[in-house]
**Student:** 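Next up is a structure, given as structure tokens.
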Amino acid sequence: MLGIILAAGRGSRFKSALPKVIHPLLGKPMVYFPYEALVKGLNPERVGIIIGHRKEVVREVLKNLPKVEFFEQENPKGGTADAVLKAKPLLERYRDDYVAILNGDTPLITAETLRAGFEKVKAESLDGLIFTAELENPKGYGRIVRDEKGRVRAIVEEKDATPEERKIKEVNGGVYIFKVQPLLEALEEVKPSERTGELYLTEVVRIFHQRGYRVDTLKVQREELLGVNDRVQFAEVEKILLRRKIEELQRSGVTVRLPETVYIEWDVRVGEDTEIEPSVSLKGNTEIGKNSFIGKGSILEDTRVGEGVKVLPYSYISDSEIQSGAVVGPYARIRNGSVIGERAEIGNFVEVKKSSVGRETKAKHLTYIGDATIGEKTNIGAGTVFANYDGVNKYQTYVGNNVFIGSNSLIIAPRKLGDWSFIAGGSVVNKDIPEGALAISRAKLKILEGKNPLLGREGKNEK
Ligand code: UD1
Ligand code: MG
């Protein structure tokens, strides 16, 4: 079995500088979805991807997919048959086999459906199978035209259809299985459309019918064959993929509250008994362990979360790791490769950048921790700031275990604070602090009796 995916078109109706088929749906390029269905459903030995319009960009996005061979279509307006012909060297290697051909803009087709289609091809010894759907509004799709015996005679593109043909509600979904040998023969005979000059892949079906090859259809749910030609369809398709993704998580034991408000990308993994509150976004390569809680409005991007973690509402975590039992937020910002250790607590309005925070360490309020390595069981008081930048360079701070940093301290990097050191609140720490030491810097507080400068002004003189 061979697979071919058509991804060379411009996607002019999509109106984008980027090729349509690489626009991400749930964080994956659109054309990844037919690829995944193909590989999971039919396990082809090779997948030919036809690229053309901005081919280097498409190649770059898809280059790590296994089994893929790229073929270039110089004229991305040549049409879908011209596109398939570009993979002729591959088709010739699989002359006695079958090929599944999928449009790159049909991301909702499922592996199960492709498998059912191939079963039908084998059971009924078909030469070709078209995946079709019955649409209330078939606008924009090729129509399935049948002969008097009910066999598929042709697929007629909307632009070329007669008013009668336009009324047909059965449409071509842009997904096909063919026997390779007759397909190769028919492709050579496709004539350009009189209207557009394109070579249509769909013309192959007319040629099969003329030659008496057996072509049939597999009718599938409308949802699976939605083609993405513009951004309205793009949004519709993403919504369906999202519903599928969330249902899969729910079936595997994840609680998702008000799922219609939650956004979870395709590669995200979530463990059993984890709870996701409304308006959460989980993006990229995020993985969340069991029994965790992701509070309302939080955003997690390329982040690993351990087991039993609490991310309280409105926290934004990217490219970081939150280890088991830690509590983060509400309103925490954690970024750039930070690691929050087991049972550590990062609280309200705390920002942690490129830092590691040891287990059971706490920074619970209004703090900035940047470029720091902090040990275990250390306490960082409210309003502490790690000044890591002198306007030119960034510097590191090392804080040991069991350190106490009083509220509103300023730690000027590069700095080392030894184990069991104690920084009194309000200190400016511009020297390294040895283990076990107390550090205190504080301007002397003066108290001037009766000298409140507001006293005596109107309205301020009555006590
Ligand atoms: C196509 C089908 C139509 C079907 C619909 C389903 C043809 C002629 N028509 O129409 O019957 O109902 O899909 O969604 O096939 N592409 C190339 N090279 C080209 C032209 C297109 O690689 O020269 C690729 C595109 O990148 C896209 C796919 O083929 O991924 C389909 O092209 P598109 O222009 O969207 O075809 P439709 O008009 O949707
Ligand atoms: Mg299309």
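One-based numbering, in listed order, for ligands and for the atoms of each.
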**Student:** What are the protein N, O or S atoms, given as residue plus atom name, that sit under 2.8 Å from the Mg ion (ligand 2)?
**Tutor:**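 Metal shell, protein only: Asp105 OD2, Asn229 OD1.
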**Student:** If you measure every N/O of Thr106 against every N/O of ligand 1, is any gap under 3.5 Å?
**Tutor:**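 No - when backbone and side-chain N and O of Thr106 are compared with those of ligand 1, no distance drops under 3.5 Å.
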**Student:** Heavy-atom contact under 4.0 Å between Ile50 and ligand 1?
**Tutor:**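 The answer is no: ligand 1 sits nowhere under 4.0 Å from a heavy atom of Ile50.
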**Student:** Identify the closest protein heavy atom to atom 34 (O) of ligand 1: which residue and atom is it, and at what distance?
**Tutor:**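 Answer for atom 34 (O) of ligand 1: Arg13 NH2, 3.6 Å.
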**Student:** Rounded to the nearest 0.5 Å, what separation is found between the OG1 atom of Thr80 and the CD atom of Glu203?
**Tutor:**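 Spacing of OG1 (Thr80) from CD (Glu203) equals 9.5 Å.
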**Student:** Do any nitrogen or oxygen atoms of Thr202 come within less than 3.5 Å of a nitrogen or oxygen of ligand 1?
**Tutor:**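 Checking ligand 1 against Thr202, no N or O pair falls under 3.5 Å apart.
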**Student:** Salt bridge or not for Arg222 and Glu236, using N-O below 4.0 Å?
**Tutor:**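 So Arg222 pairs with Glu236 through a salt bridge.
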**Student:** State the atoms of ligand 1, each with its element, that fall below the 4.0 Å cut-off from a heavy-atom position in Tyr200.
**Tutor:**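 Answer for ligand 1: 8 (C).
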**Student:** Using a 4.0 Å cutoff against the non-hydrogen atoms of Gly78, which atoms of ligand 1 qualify?
**Tutor:**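 This gives 23 (O) as the contact atoms.
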**Student:** List for me each residue that meets salt bridge (charged side-chain N to carboxylate O under 4.0 Å, His left out) alongside Glu188, sequence neighbours excluded, and say none if there are none.
**Tutor:**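 With sequence neighbours excluded, Glu188 shows a salt bridge (charged side-chain N to carboxylate O under 4.0 Å, His left out) to Lys88, given in chain and number order.
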**Student:** Using a strict 4.0 Å threshold on nitrogen-to-oxygen distance, state whether Asp127 and Lys179 make a salt bridge.
**Tutor:**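 Salt bridge flag = yes for Lys179 with Asp127.
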**Student:** Can you tell me which residue and heavy atom of the protein come closest to atom 23 (O) of ligand 1, and the distance to 0.1 Å?
**Tutor:**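 In this structure, atom 23 (O) of ligand 1 has Gly79 N, 2.8 Å as its nearest protein heavy atom.
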**Student:** Could you tell me whether some N/O pair between Ile155 and ligand 1 is separated by less than 3.5 angstrom?
**Tutor:**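 No; the residue has no nitrogen or oxygen that sits under 3.5 Å from a nitrogen or oxygen of the ligand.
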**Student:** Applying side chain to side chain contact (heavy atoms under 4.5 Å, CB included), can you list everything that pairs with Arg333, at least two apart in sequence or on another chain?
**Tutor:**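 Partners of Arg333 under the side chain to side chain contact (heavy atoms under 4.5 Å, CB included) test: Tyr316, Ser318, Arg335, Glu351.
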**Student:** Going by salt bridge (charged side-chain N to carboxylate O under 4.0 Å, His left out), name the residues that satisfy it together with Lys67, two or more places apart in sequence or in a different chain.
**Tutor:**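 Salt bridge (charged side-chain N to carboxylate O under 4.0 Å, His left out) check on Lys67 returns nothing, list empty.
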**Student:** Going by the order shown, which atoms of ligand 1 are within less than 4.0 Å of some heavy atom of Gly104?
**Tutor:**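 In order of number, 30 (O).
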**Student:** Is the shortest distance from a Lys or Arg side-chain nitrogen in Glu60 or Lys55 to a carboxylate oxygen in the other one below 4.0 Å?
**Tutor:**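 No, no charged N to carboxylate O under 4.0 Å.
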**Student:** Can you find a side-chain donor-acceptor pair between Glu170 and Thr132 that sits under 3.5 Å?
**Tutor:**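 Yes, Thr132 and Glu170 have a side-chain donor paired with an acceptor closer than 3.5 Å.
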**Student:** So is there a nitrogen or oxygen of Ala8 less than 3.5 Å from a nitrogen or oxygen in ligand 1?
**Tutor:**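 Yes, at least one N or O pair falls under 3.5 Å.
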**Student:** Any nitrogen or oxygen of Asn75, side chain or backbone, less than 3.5 Å from one on ligand 1?
**Tutor:**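 No - when backbone and side-chain N and O of Asn75 are compared with those of ligand 1, no distance drops under 3.5 Å.
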**Student:** Any atoms of ligand 1 less than 4.0 Å from a non-hydrogen atom of Gly173? List them with their elements.
**Tutor:**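 In order of number, 6 (C).
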**Student:** Donor-acceptor pair, distance only, cut-off 3.5 Å: does the side chain of Thr274 make one with the backbone of Gly289?
**Tutor:**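 Yes, the answer is positive, given that a donor and an acceptor are paired below the 3.5 Å cut-off.
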**Student:** Within the structure, does Gly174 bring an N/O atom to less than 3.5 angstrom of an N/O atom in ligand 1?
**Tutor:**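 No.
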**Student:** Tell me: protein heavy atom nearest atom 26 (O) of ligand 1, and distance?
**Tutor:**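 For this ligand atom, the closest protein heavy atom is Gly9 N, 2.8 Å.
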**Student:** Need the ligand 1 atom indices (1-based, order shown) with element for anything under 4.0 Å from a heavy-atom of Lys20.
**Tutor:**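 Here the atoms of ligand 1 in question are 35 (O).
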**Student:** Could you walk me through whether Phe33 and Trp266 pass the ring pair (Phe, Tyr, Trp, His ring centres under 6.0 Å) test, one step at a time?
**Tutor:** CA-CA 10 Å; Phe33 291 91; Trp266 199 247; 5.1 Å; yes
**Student:** Show which atoms of ligand 1 fall inside a sub-4.0 Å distance from at least one heavy-atom site of Thr80.
**Tutor:**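 So the answer, numbered in order with elements, is 7 (C), 8 (C), 15 (O), 21 (C), 29 (O).
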**Student:** For the 3.5 Å polar cut-off, considering only N or O atoms, please tell me whether Glu198 and ligand 1 meet it.
**Tutor:**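 Min N/O separation from ligand 1 is not below 3.5 Å for Glu198.
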**Student:** Is ligand 1 less than 4.0 angstrom away from at least one heavy atom of Pro76?
**Tutor:**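 Checking ligand 1 against Pro76, which is what was asked, there is a heavy-atom contact under 4.0 Å.
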**Student:** Considering the heavy atoms of Gln73, write down every atom of ligand 1 situated less than 4.0 Å from one of them.
**Tutor:**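 Answer for ligand 1: 17 (C), 18 (N), 19 (C), 22 (O), 23 (O).
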**Student:** So, His23 versus Phe14, ring centres under 6.0 angstrom or not?
**Tutor:**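 Ring centroids of His23 and Phe14 are less than 6.0 Å from each other.
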**Student:** Quick check: does Leu225 get an N/O under 3.5 Å from an N/O on ligand 1?
**Tutor:**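 The answer is no, given that Leu225 and ligand 1 share no N or O pair closer than 3.5 Å.
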**Student:** Under 6.0 Å from the six-membered ring centre of Tyr389 and within 45° of its axis: does the NZ or CZ of Lys394 meet both?
**Tutor:**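 Satisfied, under 6.0 Å and within 45°.
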**Student:** With a heavy-atom distance limit of 4.0 Å, tell me whether Gln233 approaches ligand 1 through its side chain, its backbone, both, or neither.
**Tutor:**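 Gln233 to ligand 1: no contact under 4.0 Å from either part.
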**Student:** Less than 6.0 Å separating the ring centroids of Tyr368 and Phe386?
**Tutor:**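 Ring-ring flag for Tyr368/Phe386: false, centres at least 6.0 Å apart.
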**Student:** Should the pair Lys40-Glu112 be classified as a salt bridge under the 4.0 Å nitrogen-to-oxygen rule?
**Tutor:**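 Not counted as a salt bridge, because no side-chain N and carboxylate O are separated by less than 4.0 Å.
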**Student:** Under 3.5 Å between any N/O of Val21 and any N/O of ligand 1: does that happen in this structure?
**Tutor:**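 Checking ligand 1 against Val21, no N or O pair falls under 3.5 Å apart.
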**Student:** Between Arg166 and Glu158, is there a side-chain N and carboxylate O pair less than 4.0 Å apart?
**Tutor:**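 So Arg166 does not pair with Glu158 through a salt bridge.
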**Student:** Identify the closest protein heavy atom to atom 29 (O) of ligand 1: which residue and atom is it, and at what distance?
**Tutor:**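 Protein heavy atom with the smallest distance to atom 29 (O) of ligand 1: Leu6 CB, 3.4 Å.
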**Student:** Do you see a donor-acceptor pair shorter than 3.5 Å between the side chains of Glu224 and Thr113?
**Tutor:**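 Short answer, yes.
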**Student:** Look at Arg243 together with Glu247 and state whether they make a salt bridge at an N to O cut-off of under 4.0 Å.
**Tutor:**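 Looking at Arg243 and Glu247, the cut-off is met.
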**Student:** Only heavy atoms of Gly142, strictly under 4.0 Å: list the atoms of ligand 1 that pass.
**Tutor:**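 Listed by number with element: 3 (C), 4 (C), 11 (O), 12 (O).
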**Student:** Apply the test side-chain hydrogen bond (donor to acceptor under 3.5 Å, both in side chains) to residues Asn172 and Tyr141: give CA-CA distance (whole Å), side-chain angles for both, the deciding distance (0.1 Å), then the verdict.
**Tutor:** CA-CA 6 Å; Asn172 167 29; Tyr141 291 87; over 6 Å; no
**Student:** At under 4.0 Å between heavy atoms, is it the side chain or the backbone of Val171 that contacts ligand 1, or both, or neither?
**Tutor:**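 Neither; nothing of Val171 gets under 4.0 Å from ligand 1.
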**Student:** Among the heavy atoms of Asp82, does any lie under 4.0 Å from an atom of ligand 1?
**Tutor:**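 Distance cut 4.0 Å: Asp82 fails for ligand 1.
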**Student:** Looking only at protein heavy atoms, which one is nearest to atom 1 (C) of ligand 1, and what is the separation?
**Tutor:**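 Result: Asn103 ND2, 3.6 Å.
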